[in-house]
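Read the numbers this way: they start at 1 and go in the same order the structure lists the ligands and their atoms.
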Amino acid sequence: MNPDNSNSLIMLVCLAHPDDETFGMGGTLALYARRGVQIHLVCATRGDVGDVDPQLLKGFNSIAERRESELRCAAQILGLVDVHFLGYRDSGMPGTPDNQHPNALVAQPVDEVAAKVVHFMRLLKPQVVVTSDPIGGYKHPDHIAIHKATVRAFELSADPSYQNDLLPFKPDKLYYQTMPKQFIRWAVRLAPLLRMDPHHFGRNGDIDLASLLEEGDFPIHARIDCRSVRQVRDEATACHSSQLGGGGMSQRGPVAFLRRYFGLTETFMRAYPIPENGLHEKDLFEGVRVTEATSQASV
Ligand SMILES: [Zn+2]
């Protein structure tokens, strides 16, 4: 890895688990990678918790090992430059014993996780940073934890009084990936037809989709048209085979159709700079300064 990225377009993506990069924003990542943007993924955990078919664990020592290899497969297909693991443990859904594990992501002080993210911000100097939204998409505690740590890191990285072994650096933009409300509405409607409970959705039955409709709407400031990279995203999705095949995550069926339909466009809220009302960006790098050397990678 070359930390001297002064002449490149760089995106830093900070997420909690293997598969978060593909299921929510795989099209966007594939698109920008193909346009020459250097994309680095910070992944806080290795997805240690969850129900994985024992058949899929053959040749692996743990669920985490399997999921790390799935992420590396997806990262290669999407075209990411590198994946950086923060080394925390998947915290599982609220109320499960995994929350209490001393290395669980949710058990760490925000500033401690943020310090690790600051390291990558200052080292890689991304113009654009992307993370989960404030409710972590579907209220997964780890998604919320990495959101908070990334927001904190965004402040600290630029602060000269916050010292680590690297110089302060301020990225130009911060985005949150958001799940379209329309998708949730349709999935809640379709769930009973598929004999699924919208309050216990997902492979592990631990996603209360219906409750998400009661949450406030996050404004959508950027819509990224992902039609041209649909196939790439499908290939990356196939890498995460331990997380497919049930509870609405199947590659086939009406919910898969919905995911495909809504996946034509991926949506983001811009947290920094705070936008004027009615912002409609089509490019996360819109307004980013481009030097001569980077103009070919410009989008
Ligand atoms: Zn996740």
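- Residues satisfying the disulfide bond (SG atoms under 2.5 Å apart) criterion with C239, sequence neighbours excluded, are C73.
- Following chains of ILVMFWY side-chain contacts shorter than 4.5 Å, one can reach Y175 starting from I224, so the two form part of one hydrophobic cluster.
- Legend: residues meeting side chain to side chain donor-acceptor pair (under 3.5 Å) with Y272, ordered by chain and number and at least two apart, are K170.
- With waters left out, the protein N, O or S atoms under 2.8 Å from the Zn ion (ligand 1) add up to 4.
- Residue pairs meeting the disulfide (SG to SG under 2.5 Å) criterion with at least one member in residues 9-44: none, sequence neighbours excluded.
- Ion pairing between D19 and R67 holds under the 4.0 Å rule for side-chain N and carboxylate O.
- Taking the ring axis of Y88 as reference, the NZ or CZ atom of K116 stays within 45° of it and closer than 6.0 Å to the ring centre.
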